[in-house]
**Student:** 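So that we are looking at the same thing, I have put the structure below in structure tokens.
A quick note: this is a predicted structure, and the numbers were derived from the prediction, not measured. Numbers restart at 1 for each chain; the letters A, B, ... are given by sequence-line order, proteins then strands.
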There are 2 protein chains.
Amino acid sequence: MTIFFHWSEATPDIWRNALTAENIPGDLRFVEDPGALSDINYAVVWAPPQGLLRQFENLKYIFSIGAGVTHITLDPDYPSEVPIVRLQDRLLVQDMSCHIIHWVLHFHRYYARYRQYQGEKKWLRHRYPENSSRRISVLGLGQTGQDACIRLSDLGFNVTGWARSEKTIPGVRTLASNDAFDTVVREADILVNLLPLTPETTDLLDAGVFNRMPRGSFLINVARGSTVVDADLLSALDCGQIEAAALDVFREEPLPADDPYWSHPAVSVTPHAAAPTNEGSAAEFIAGQIRIAMDGGRPAPIVDLARGY
Amino acid sequence: MTIFFHWSEATPDIWRNALTAENIPGDLRFVEDPGALSDINYAVVWAPPQGLLRQFENLKYIFSIGAGVTHITLDPDYPSEVPIVRLQDRLLVQDMSCHIIHWVLHFHRYYARYRQYQGEKKWLRHRYPENSSRRISVLGLGQTGQDACIRLSDLGFNVTGWARSEKTIPGVRTLASNDAFDTVVREADILVNLLPLTPETTDLLDAGVFNRMPRGSFLINVARGSTVVDADLLSALDCGQIEAAALDVFREEPLPADDPYWSHPAVSVTPHAAAPTNEGSAAEFIAGQIRIAMDGGRPAPIVDLARGY
């Protein structure tokens, strides 16, 4: 039973301790010296080198150090017959919701205007809608999307959640299907994107979507950059159709130095930092799932490759 | 039964409609033409002209258009024998909590640093404590303080509430008394001030308090400006003892153009806008309390002048 581990930002001892706590022999192999590749049964990885996983002929499970899995599946050679277990982490959900709530409140109360007034030493109050009149559309109702919907509803906002398949969230209006997508977009004073990246969601947020949103609305993207057609978003921001955007994810990361987002006055850039993996709790979760696999059980949640998440 | 009304920012029709809905004759008197002063039984006011309320010899209740009442009681001639009913408004509590949550998250996640990095086109993540390790001390446990404590706890923060008298909030650690005040201050990574202005709270937040707070902590003031010794706060900010402050209230409002807060890089100024009175719901609440008084009941909440709130 051998575990291959790949995450350049890791503190290996945190992972060894978590494995020990689950009574798993802590024999970790790294890319620098992986030993006999046929020994490897489990791979715990973030963005492994292209073609590497394919070489582990006895690989049983791939554990993603992150909620998204495109860092694995974008490798054209990755072994698609091996199940991928996504990271599911209470702290990750909490951090994501906090990031979303921060930007929702920032936009809802127009704090950027106060920052501007402060620069002009101007004591000037502006109005804002009651929370119950502010419509927030959340795209994607996985664990994080559901949590965000509930917390924003608790703050009194008028929240609609949308997912490809029907989901029920107590106290929150949810919609599904492509027809409903139009409604969700038209009613989005603030649009929060939490959709996984799939062929259907690539380039989904384009000029057609931005133009159907209410004039002066806001975008919060915390999912994947390739969901957004960047040129279309920039046009929508330039003409005020979208008043401002908080972007945490980008088509190319790190965001290239010459990217227009950096200096756009209506864009807030954060460096894919909405919900950084917490090593301690991620290691605990993954060690627990490896334990289940070693005991002959089925670790969870396993990615459905047909859906792409 | 005559009502005197004074609020320069009011839309009188909203108030007339609210009174009509409670079956109260909508005869409002204004300062420009108050008629016979002895007719007046109820005064609904924000910052009435000094000495005016004293002249209403048949005044039964004063209704404050705001949660605070110093806009009435700072008048040395105000009739202290007449009970003051404070504004209690669900929307006001919600707005206040949203403002507090926004600044807590802003400081907790160090979003100001990302804004700075963006200016430098720098893709750089910084660490922040887990929510459960971030200690937030909330001073003042009225309706808004309690609501803020509960919501911040729900977000996973380590919250302690402090009030002069014992209060119980399910799931939140609360402390009372002057001894405990020291603990609350020493453990305040983020200090939220919601204390009413009284002789005891005037100048309460001074160098002694700021120096006992953890180095690099944060202040959010949404109560009254005179609670803070401004020179002491500026010194604490200058030397980094306090990393940043979000100030919504000031000793003099509007904040004078030459005030150093305007241009201090670690201060965010908002113009007493954390929870602006919502005319619709305030008028509903006050009309309901006038109805109770007219029916011989006791409107609430009545300010305890010994406590000062």
**Student:** Would you mind checking which part of A/H108 comes under 4.5 Å of any heavy atom in chain B, side chain (CB onward), backbone (N, CA, C, O), both or neither?
**Tutor:**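 Answer is neither: A/H108 stays 4.5 Å or more from chain B.
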**Student:** Using heavy-atom distances under 4.5 Å, tell me whether A/Q118 contacts chain B through its side chain, its backbone, both, or neither.
**Tutor:** both
**Student:** Is the ring pair B/W262/A/W123 parallel, tilted or perpendicular, if the boundaries are 30 and 60 degrees?
**Tutor:**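 Perpendicular: the ring planes of B/W262 and A/W123 meet at over 60°.
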**Student:** For A/R125, which atoms come within 4.5 Å of any heavy atom of chain B: side chain, backbone, both, or neither?
**Tutor:**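 Contact with chain B involves both backbone and side-chain atoms of A/R125.
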**Student:** If the plane angle is over 60° it's perpendicular, under 30° parallel, otherwise tilted; pick one for A/W103 and B/Y111.
**Tutor:** perpendicular
**Student:** For chain B, which candidate among A/G156, A/S281, A/S268, A/P256 shows the most heavy-atom pairs at distances under 4.5 Å?
**Tutor:**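 Highest number of pairs under 4.5 Å: A/S268.
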**Student:** Residue by residue, scan residues 147-154 of chain A and write down, ordered by number, those that have a heavy-atom distance under 4.5 Å to chain B; if none do, write 'none'.
**Tutor:**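 The stretch touches chain B at A/R151, A/D154.
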**Student:** In terms of heavy-atom proximity below 4.5 Å to chain B, should A/Y128 be classed as side chain, backbone, both, or neither?
**Tutor:**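 A/Y128 touches chain B through side-chain heavy atoms alone.
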**Student:** If I take atom CG from residue A/D259 and atom NZ from residue B/K121, how far apart are they, to the nearest 0.5 angstrom?
**Tutor:**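 Spacing of CG (A/D259) from NZ (B/K121) equals 9.0 Å.
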**Student:** Top residue by heavy-atom pair count (under 4.5 Å) with chain B, among A/K122, A/R127, A/R109, A/H126?
**Tutor:** A/R109
**Student:** By a 4.5 Å heavy-atom criterion (distance strictly below it), what part of A/H272 contacts chain B: side chain, backbone, both, or neither?
**Tutor:** both
**Student:** First locate atom CG of B/L155, then atom CD1 of A/I101, and finally report the distance between them rounded to the nearest 0.5 Å.
**Tutor:** 5.0 Å
**Student:** So for B/A257, is it side chain, backbone, both, or neither that comes closer than 4.5 Å to the heavy atoms of chain A?
**Tutor:** backbone
**Student:** Does the side chain of A/L91 reach to within under 4.5 Å of the side chain of B/N131, using non-hydrogen atoms?
**Tutor:** no
**Student:** Between B/A274, B/G280, B/S263, which shows the greatest number of heavy-atom pairs under 4.5 Å with chain A?
**Tutor:** B/A274
**Student:** With a 4.5 angstrom heavy-atom cut-off, is it the side chain or the backbone of B/E120 that approaches chain A, or both, or neither?
**Tutor:** neither
**Student:** Checking B/D95 against chain A: side chain, backbone, both or neither under 4.5 Å from a heavy atom?
**Tutor:**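 For B/D95, backbone and side chain are both near chain A.
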